[in-house]
Each structure stands twice: as C-alpha cells, then as structure tokens.
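A note on names: the letters A, B, ... follow the listed sequences, proteins ahead of strands, and every chain is numbered from 1.
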There are 2 protein chains.
Amino acid sequence: MQHPSLTLNMIQLDLASPEPMQFQLYRAMREAIVTKQLAAGGRLPSTRELAQRWKVSRNTVMGAFDQLTAEGYLKGKQGAGTFVTFSVPDFYSRVTPAGRAACADVVARREAALRQRRMKYQGCTHEPSPLAPLRPTVPSLENFPFALWEQCRKAVLRQGERSLLTYGDTLGYWPLRRAVATYLRDTRGVRCEPAQVVICCGSQQGIYLTASTLLEHGETVWMEDPGYQGARIVYEGFGAKVKPVPVDREGMDIQRAPVAEGVARLIHVSPSHQFPLGHTMSLERRLRLLDYAAASGAYIVEDDYDSEFRYEGRPLSSLQGLDQSGSVVYVGTFSKILFPSLRLGYLVVPPGLVDLFEQSRSRIDGNPTLIDPATIALFMEEGHFARHIRKMRSLYQERLELLHDAVARYLRGGLELEKQQCGMHTVGWLKGSTPDQEVTARAQKNGVVAPPLSQYTRRFTLPPGLVLGFAGFRADEIDNAVKRLADSIPL
Amino acid sequence: MQHPSLTLNMIQLDLASPEPMQFQLYRAMREAIVTKQLAAGGRLPSTRELAQRWKVSRNTVMGAFDQLTAEGYLKGKQGAGTFVTFSVPDFYSRVTPAGRAACADVVARREAALRQRRMKYQGCTHEPSPLAPLRPTVPSLENFPFALWEQCRKAVLRQGERSLLTYGDTLGYWPLRRAVATYLRDTRGVRCEPAQVVICCGSQQGIYLTASTLLEHGETVWMEDPGYQGARIVYEGFGAKVKPVPVDREGMDIQRAPVAEGVARLIHVSPSHQFPLGHTMSLERRLRLLDYAAASGAYIVEDDYDSEFRYEGRPLSSLQGLDQSGSVVYVGTFSKILFPSLRLGYLVVPPGLVDLFEQSRSRIDGNPTLIDPATIALFMEEGHFARHIRKMRSLYQERLELLHDAVARYLRGGLELEKQQCGMHTVGWLKGSTPDQEVTARAQKNGVVAPPLSQYTRRFTLPPGLVLGFAGFRADEIDNAVKRLADSIPL
DNA sequence: CTTAATTTGTACGTATGTATA
DNA sequence: GTATACATACGTACAAATTAA
C-alpha cells in the first residue's frame with residue numbers, strides 16, 4: 001500500500017506562549033491524529049523539513065515525535081520516514097457525528113437514570129451553615145489546650161516517627177483503643193476490652209460502618225423521631241426502611257414502635273441525651289429496649305454523642321453497660337470534645353462481631369491514620385483529656401446559664417428554653433405561631449444560626465422550636481446572638 | 001404496704017481489685033436489683049450499718065447510693081431509709097432462666113446468620129504484612145522532608161487556627177482541591193476544574209465512594225485480572241458481580257471482556273501502570289475502552305495509583321484526559337507520595353456527577369479533616385510536592401537498578417525481573433516450578449516480604465511470580481533482602 | 001546491482017532561563 | 001548571593017536504513 005504524504009499545514013506555533021514548543025507540537029499533532037485529519041499509515045514530512053518550515057531546531061521536532069512515538073501514535077522507520085501508526089478505530093464514536101450524537105444520548109440517559117435512583121436517598125441534605133453563633137455541636141475552640149496538644153503530638157512523633165508514617169492496623173492504633181476502652185469503662189460504664197474498640201473517621205463513619213456490617217438491603221430500622229437525620233440518611237442509603245418511633249421526656253418508647261410494619265434489625269437511639277430534645281432515657285425504657293433487642297435479635301446503636309457534659313449529678317451509665325446479650329453497638333466521638341476537624345470517633349462492638357467489623361472496615365477505608373490517634377492516646381494517658389472535659393463542663397454550664405439570662409433579658413415570653421442538664425445545645429420552644437423554619441431563615445439573615453426543630457423530624461409534628469448551641473461561643477457572642485434572635489422572632 | 005427489709009448479704013467486696021469500691025458496690029447492687037434479688041419497694045440497710053459491715057467509709061456507701069439514686073434505682077427518704085424504687089418489668093426476659101435461654105438462643109442465631117451473610121464478601125483478606133523489605137507500596141520515609149512538612153503545618157495553623165479546627169466542606173478543603181486540579185492538569189493531562197475534585201480518606205475510600213454513588217446491587221463490574229483485589233472486595237461488598245478481564249502487555253483488552261455475561265456498569269482499570277504487572281495500556285486499547293464506555297453507558301474507574309514515578313520518557317497522559325463523554329472517574333492518592341498514614345486521596349469526577357458524589361460523601365463521613373489537607377495544599381503551592389516527587393523519582397530509579405544488580409548477583413537464573421519503567425515495585429518471575437505462595441512463605445520466615453502474584457488473580461493463571469517493592473528501602477536493605485530471598489527459592 | 005540521496009536515530013556540545021541548595 | 005542542577009532549545013555530526021535513479 002502506498003502511504004499518502006501528509007502536510008501538517010494546519011499546525012501553527014505560538015512562540016509567545018509559555019508552553020514549550022515541543023509540547024505545542026505534540027498536542028497539535030495528537031489532536032490532528034485523533035480527529036482523523038491525519039490518516040493512519042500516512043507518512044509525515046521529514047523532521048528536517050518540518051524544522052525548517054516551523055523555524056525550530058530539528059531536535060525540537062524530534063522531541064514532539066518522540067513523545068508521540070512513546071504514546072503509540074507514530075512509528076519512525078530509519079531511512080523511510082515517520083508514519084501515523086495509530087488508526088483511530090472506526091468504531092470510535094467520536095469520529096462520526098452520528099456516533100457522537102448516539103453516545104451523547106446514552107451518556108445523558110445514564111446520568112438521568114442515576115439521578116433518579118439516587119433521588120430517594122436525598123432527603124434532608126446537610127445544611128452547611130456558617131460557623132456563627134449559635135450553631136450547635138461546635139465546642140469551644142478558644143479554650144482547647146492547643147499548646148498541650150501540639151506538645152503531645154511532638155512527643156509522639158519523636159518517639160515513633162518512622163512507624164507513625166506507615167500503615168496502621170485496620171481497626172485503629174492499639175494504644176488509642178486501649179485508652180478509649182479504659183476511658184469508657186471508667187466514665188460511661190461501658191463494658192469492653194480494647195479489642196472491641198474500633199477507631200473510625202468520626203461518628204458518622206461509625207454509624208456507616210455499623211450499617212454496612214449489620215444491615216441488609218430492605219431491612220427495617222427504628223429511629224427516634226425527632227432524631228439525628230445524618231443517621232437516617234445512612235440507613236436509607238443502605239436500602240433500609242427507616243421507621244420513626246416517637247420520643248417523649250423519658251426518651252424513645254420501644255412499646256410505641258411500629259411492630260406491625262416489620263421487625264427491626266437495627267434500633268438507633270441516643271439515650272444519654274436525646275438528639276435534639278436533650279432528654280435522658282429512663283431506666284425502665286432502657287431495660288425494655290434491651291429486652292426487646294435480646295428477644296427479637298435486633299441490634300441497638302447507642303449514639304452517645306454528647307454524654308460527657310452533664311451539669312447535674314453523675315452521668316448516667318450507658319445502655320451498653322446494662323446489656324448482657326451483646327446487642328449494643330456504642331458510638332462515640334472525639335470531634336465534640338477536642339475539635340471537629342479531627343474527625344475521629346469510635347465504636348464499641350460486641351465481642352463476637354469484631355472480625356465482621358474489621359472486614360467491612362477494610363473495605364471502606366483500609367488503613368487508618370496514625371499521628372492524630374497516637375496524639376489522642378498520649379493526650380488521654382497524660383490526663384489532659386479528662387482535665388479538658390472537666391474544664392469544659394463548668395465552662396459550658398456557665399454558658400448555658402448565660403443563654404438563659406440572655407433569653408430572659410431579650411426574649412421574655414417569645415422563647416422558652418427547655419431545662420437542659422447536659423450537652424452543648426438546648427431547645428428553645430417558640431411561643432408564637434410562626435413556623436420555626438421561618439424564624440431560622442430570619443435569624444440567618446441577622447447572622448445567627450439556629451436550626452429549626454422541624455428539620456429533625458420526619459413524621460411526628462412538634463411545636464415550633466429552635467436548636468441553640470451555647471458551647472462554642474463567648475459570653476458577648478451569646479448575648480449578642482440572642483439579641484439578634486429576638487429581632488428575628490415576630491411578637 | 002409494709003416494705004420488706006433487705007439484707008444485701010450477697011454482696012462481697014474485692015479490696016485488691018483496681019476497680020473503685022464505690023463502683024463495685026454500685027454494680028453489685030444494680031445487678032441485685034435488676035435480677036430481682038432485691039425487690040421493688042424494699043428498704044435497704046442504713047448507710048451507717050453497711051459501712052460498718054463492709055468496713056468502708058460511709059462516704060463510699062453514699063457514693064454508690066447516690067449513683068443508683070441518680071439512675072433511678074433507689075430513692076432516699078430522710079428519716080425513713082433508702083428504698084428500691086425500680087420494679088424490674090415482668091416482661092424482662094433476663095429474670096427467668098427460660099427467658100434468658102431463649103434470648104441466648106436468638107442472639108446466637110442472629111450472629112450465625114450475620115456471619116453467613118457476610119461470608120460471601122470475605123474473599124482474600126488484606127494481609128497485614130510487616131513493614132519489612134521488600135513490601136510493596138511503601139515509599140521512602142527516611143527521605144520524606146518531614147521538617148518542611150512540619151513547617152507548612154505550622155504556617156497553616158498560624159494563619160487559620162480556629163477555622164481549621166471546625167467543620168470543613170463535604171468534598172474537601174477548597175485550596176487543596178484547587179491545588180490538586182492544577183497538579184493533575186499539568187502533570188497528568190487530566191481535564192478538570194477544582195470543583196470536580198473530591199478529597200477522601202485514601203484511594204480505597206475513593207473507590208468505595210465511587211461504587212456507592214454509581215453502582216447498584218446486582219450490577220456488573222469488569223476488572224483487570226490480575227488486578228487490585230482491594231477494589232474487588234469493595235465492589236462485591238456492594239453486591240456487584242465482578243467479572244475478570246485478562247491483561248497482557250498492552251493492558252486490559254475490552255474486546256476480551258465477557259460481554260455475554262451482562263453489560264458492565266463500572267470498569268476498573270489501572271492504565272498508567274497496571275497493578276500488579278506494571279504494563280502501560282496502549283493507545284488503541286485506551287480509545288476502545290473509552291468508546292465502549294461512551295457507547296454503553298458504563299463508567300470507567302481509572303486507578304492512577306503509581307503514575308508519578310516514571311523513569312523513562314514523559315509520563316503518559318491519563319485516560320481521563322482523552323475522555324470526552326464524562327465517563328471517567330479518576331482516582332489518585334497522596335499516601336504513596338507523602339506517607340501512608342496520611343490516608344488522603346482524591347477523585348476527579350465528571351462535572352455532572354459532583355452533587356451525587358457530595359450526597360454519598362456526606363453519608364459515609366460527613367465533614368473531612370482540615371489540618372492535613374491544608375498542610376498538603378501549602379506543601380503543593382510552595383512546590384515542595386513537585387520537588388519531592390522529582391527527588392524520589394531519581395532515588396527510586398537508582399533503587400530499581402540496585403534491585404536488578406542484586407538479583408543478578410544472588411539470583412541469576414532463579415528469578416527474572418520484569419522490565420519496569422515506572423512505579424515503586426516490580427514483578428519477578430520465578431523460573432523454577434515452586435508455587436509462588438510457597439516462596440512467599442519461606443521468604444517471610446527469612447524476614448523478606450514478597451507477595452505472590454497469584455494473590456492478585458481470580459480466574460486466569462499466571463506463571464509463578466513475586467511482587468517486589470524497591471522504593472522504601474535502603475541499598476543495604478535491598479541487597480540483604482535479595483540475598484535472603486535467594487535462600488528462600490529452591491533451585 | 002550499484003550508488004547517491006534522503007531520512008531516522010543517536011550522540012555530542014552549547015546557550016539560556018529557572019529553580020534549587 | 002552564589003554555585004548547582006535541570007529542562008528547553010538549538011546546532012552539528014554521523015551511523016544505519018531505506019529508496020529511487
């Protein structure tokens with residue numbers, strides 16, 4: 001077959017461009033080949049000729065040719081010339097307008113289908129509210145002993161620099177698992193061995209991991225309503241049917257669960273400090289719940305997200321500590337005690353399930369980080385952790401009182417605060433008839449973050465209310481925020 | 001009703017135990033109440049009497065009583081005594097031996113069923129091999145510019161301490177997404193905007209996230225065989241049917257895919273440096289693959305895990321850069337360039353799918369970390385990143401040559417190294433007839449890590465071979481390891 | 001078949017701007 | 001600030017392969 005000669009007339013060089021000339025040539029020629037402007041098998045002009053025509057060195061042309069040869073577009077034959085080896089396959093849809101159109105159609109339909117499928121999981125999206133008062137779940141960062149933290153980090157790095165940079169254990173850094181086990185035993189009445197502790201990237205991942213291990217597509221999950229919607233989204237993402245169970249002052253009542261609609265595989269609760277209402281689950285309800293789980297084979301997810309900060313009396317011990325059947329997965333987090341961007345949490349799983357959790361963990365996200373966990377471990381071992389909690393407890397208690405004062409000052413009659421015994425946020429009931437979303441929107445305009453209670457419920461209607469975080473903000477910030485909140489509530 | 005007096009004779013204290021005595025008392029009494037050894041309404045002995053009997057301070061007894069009172073088990077009446085308030089509900093199965101047995105049975109069956117269900121996902125587990133030569137995918141940690149890294153971290157913290165401790169954007173720290181986009185554009189020919197970049201906890205999570213967004217239960221995934229089994233486990237965990245596609249020197253051949261067994265939703269490939277064999281996918285195969293994806297509606301996962309280190313010529317540009325239909329999800333990682341325990345990677349997703357990925361991301365693991373990403377961003381902006389890659393490139397090239405020398409010296413005839421042009425590991429073909437697993441086991445005993453090739457394949461048989469990592473080890477370590485490897489290979 | 005012209009592939013040396021140590 | 005390394009660009013030379021006269 002006679003090889004047609006190709007001219008390459010279409011290619012223009014730009015001397016002023018910062019892009020190297022070799023690369024300009026490479027790109028232009030590749031484009032020409034892929035779009036079939038240069039036919040397969042065609043012979044290119046000699047490098048000499050091209051160098052002369054483009055007024056560059058022959059080496060420059062050869063540089064471009066080399067790259068194209070390496071990528072398989074060209075093939076040089078000594079003495080004969082350089083040829084386009086690569087025949088853009090005829091199947092290649094890009095070359096014909098019809099093919100292109102067909103593909104575009106397929107691609108568009110694919111995306112539409114995907115969007116459709118995912119629609120059902122959408123629900124309430126995570127609102128990215130700004131870091132303004134009174135955003136809930138923000139700890140006091142100003143009071144975090146960052147210098148101490150850095151000191152621990154340095155010590156940890158000095159000791160084990162090389163080993164802390166490599167791959168860690170799937171379930172987490174052992175000294176941290178040990179420290180967490182001790183901590184939970186001492187302060188939360190959790191019964192566990194270090195081996196049962198799983199370190200994960202935040203409590204959200206902990207819940208995810210639990211779902212991925214214990215939950216099968218189509219199974220039923222019972223959740224508190226109102227409750228933590230982040231968990232609902234996770235469960236629904238696994239194809240679970242999430243059924244709301246009403247909550248009152250004694251917490252979730254398992255006897256009011258929709259048993260008729262199918263037995264639960266997972267029951268998600270926050271017994272120490274119900275999210276978002278803040279109630280503590282009563283002892284009777286706890287025992288009923290545990291009994292139901294043991295008798296029915298359901299697992300309980302105990303979300304203990306906020307239990308560290310209790311202002312009256314001793315913290316109640318955990319559900320997990322009462323359980324004797326191995327039905328409870330305990331979920332905790334460091335994000336709210338230390339700082340959120342640390343993104344570390346933990347699970348305590350029943351002893352018999354550790355290996356199953358290890359399997360799913362290694363699928364999601366093989367080898368975890370090491371430096372931060374090692375730092376936390378030391379931070380705990382040296383007692384800074386417990387000390388910081390104690391300090392924050394009294395600080396947050398003060399701030400809760402400040403919030404009460406400010407509400408009494410600026411919002412008498414407009415907002416009634418729930419009596420809160422623990423946590424970092426409280427609920428304020430709106431006395432007027434304005435829907436809470438509307439108040440939230442107005443407050444946002446005034447620079448105050450206060451999510452509406454209605455955002456946390458799916459089925460049961462609540463009186464209008466706001467969730468107010470008081471932990472992360474100074475006295476003046478709280479005062480100011482409540483003042484502006486008062487301006488946002490129509491009287 | 002007359003309250004019966006209770007004796008508490010059953011309670012024994014253990015002075016030697018590290019558990020505080022208050023807590024021992026608390027637990028023992030709680031246990032007695034819950035198991036109905038102490039009846040509801042019963043009057044306990046006075047704290048004075050108990051203190052005397054147990055030979056502890058009255059304060060200790062009061063501590064235990066306080067806790068039990070706070071939790072709702074007891075109620076003290078001044079002048080009258082302390083009473084058991086909590087009546088264990090009769091439903092409570094734990095109280096009767098029959099109920100206990102029934103629960104135990106349910107619990108045991110639940111766990112067995114779970115184990116059964118999860119069995120199918122088990123497959124090849126992640127082998128936790130020690131950090132010994134010649135373990136693959138270990139970068140040279142000794143040469144990591146840790147001082148510079150710490151400097152960047154410090155600078156980043158100084159600038160934005162408070163904001164770096166709070167919650168970040170779902171898809172990652174924006175400056176890092178921007179830096180990654182620029183880097184990939186310049187060095188990998190990836191076409192992308194910063195908004196398409198998703199920061200995740202390692203490439204494993206990237207693959208997981210992709211599967212959770214694009215893959216539905218029961219759909220088909222095509223994968224290179226041999227290939228990265230971590231990805232297979234992820235896909236199978238989502239209920240996908242994973243079909244192996246053979247690989248040769250030109251990479252995976254889409255024309256040999258098992259089309260008859262169902263159309264693919266996802267195609268997982270490593271075109272720049274096939275894992276584990278190290279071949280580069282030819283241009284024709286690349287275009288065929290892209291064409292197939294665009295025409296069939298499949299998505300391609302391009303795992304570009306190792307492409308930074310190329311020792312001859314320029315790195316080939318990515319599949320993503322050739323794609324015009326938005327069918328490619330590009331997966332990269334920092335773990336192999338910086339250090340593994342950093343656990344950070346990234347995806348580049350098609351522009352139309354960003355919001356879907358954001359949704360799934362927020363389910364898996366809401367708000368990502370900030371300090372490390374910010375540090376990387378600065379590290380990149382200041383050029384340390386590119387510099388470090390360049391340095392490591394020439395270092396690894398040297399080490400590859402050292403490996404070749406050592407093999408020539410100690411293993412002439414026993415092992416033939418694949419000619420490698422890039423990456424951090426290479427393949428050595430065993431010339432004898434011993435199965436590779438056996439050689440691996442012997443090597444492990446001699447302190448050398450060298451995974452068998454057979455571990456990376458599912459269906460197609462390969463000649464026996466070993467995967468040898470040369471990047472993370474010093475000259476003497478490599479030499480020594482090869483010597484010990486020679487002792488492990490029967491001649 | 002021989003020969004001369006042409007072409008690639010390889011190997012030098014040099015200059016320059018940039019980034020790095 | 002200075003020395004060093006590196007990528008880009010340019011020029012020259014020559015061997016090996018091919019082609020056409």
Residues passing the side-chain hydrogen bond (donor to acceptor under 3.5 Å, both in side chains) test with B/Y396, sequence neighbours excluded, are none
Specify the separation, in whole Å, of atom [atom1] of [X] and atom [atom2] of [N].
{"X": "A/E49", "N": "C/dA5", "atom1": "CD", "atom2": "C1'", "value": "15 Å"}
{"X": "A/F83", "N": "C/dT6", "atom1": "CZ", "atom2": "C1'", "value": "12 Å"}
{"X": "A/F23", "N": "D/dT8", "atom1": "CZ", "atom2": "P", "value": "10 Å"}
{"X": "A/K55", "N": "D/dC10", "atom1": "NZ", "atom2": "C1'", "value": "16 Å"}
{"X": "A/K75", "N": "C/dG9", "atom1": "NZ", "atom2": "P", "value": "9 Å"}
{"X": "B/F385", "N": "C/dA19", "atom1": "CZ", "atom2": "P", "value": "19 Å"}
{"X": "A/Q52", "N": "C/dT6", "atom1": "CD", "atom2": "C1'", "value": "14 Å"}
{"X": "A/L13", "N": "D/dT8", "atom1": "CG", "atom2": "C1'", "value": "14 Å"}

When all nucleic acid strands are considered with a 4.0 Å heavy-atom cut-off, which category describes A/M21: base, sugar-phosphate, or nothing? sugar-phosphate
In Watson-Crick or G-U wobble terms, with both distances under 3.5 Å, the base opposite D/dC10 is C/dG13
For nucleotides 13-19 of chain D, which of its nitrogen or oxygen atoms have a protein nitrogen or oxygen under 3.5 Å away, and what is each distance?
unit_1, atom_1, unit_2, atom_2, d
D/dA16, N3, A/Q78, OE1, 3.2
D/dA17, O4', A/Q78, OE1, 3.2
D/dT18, O4', A/Q78, O, 3.4

- [ ] Please state whether the phosphate of C/dT6, meaning OP1 or OP2, lies under 4.0 angstrom from any side-chain nitrogen or oxygen of A/S46.
- [x] no
Side-chain N,O (B/K391) to OP1/OP2 (C/dA21) below 4.0 Å: yes
With sequence neighbours left out, the residues meeting ring pair (Phe, Tyr, Trp, His ring centres under 6.0 Å) with A/Y26 are A/F23
inquiry  = Would you say the rings of B/F144 and B/H384 are close, in the sense that their centroids are separated by under 6.0 Å?
reply    = no
B/D306 and B/K336 ion-paired at < 4.0 Å:
no
**Study point:** Pairing of B/R393 and B/E308 as salt bridge, 4.0 angstrom limit
**Key:**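 Between B/E308 and B/R393 there is no salt bridge, as every charged N stays at least 4.0 Å from the carboxylate O atoms.
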> Quick one: side chain to side chain contact (heavy atoms under 4.5 Å, CB included) partners of A/A80, sequence neighbours excluded?
Replying inline: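 Checked A/A80 against side chain to side chain contact (heavy atoms under 4.5 Å, CB included); matches are A/K77, A/F83.
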query = Taking only residues two or more places apart in sequence, or in another chain, which ones meet B/A408 in a side chain to side chain contact (heavy atoms under 4.5 Å, CB included)?
reply =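 In terms of side chain to side chain contact (heavy atoms under 4.5 Å, CB included), with neighbours along the sequence ignored, B/A408 is linked to B/R412.
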Task: Backbone of B/G206 reached by a side-chain donor or acceptor of B/S203 within 3.5 Å - done: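 No, because the side chain of B/S203 does not come within donor-acceptor range (under 3.5 Å) of the backbone of B/G206.
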Item to complete: Look only at the side chain of B/R153 and the backbone of B/D372, and say whether a donor-acceptor pair between them is shorter than 3.5 Å.
Response: no
Between the protein and nucleotides 2-5 of chain D, which nitrogen or oxygen pairs are less than 3.5 angstrom apart?
none

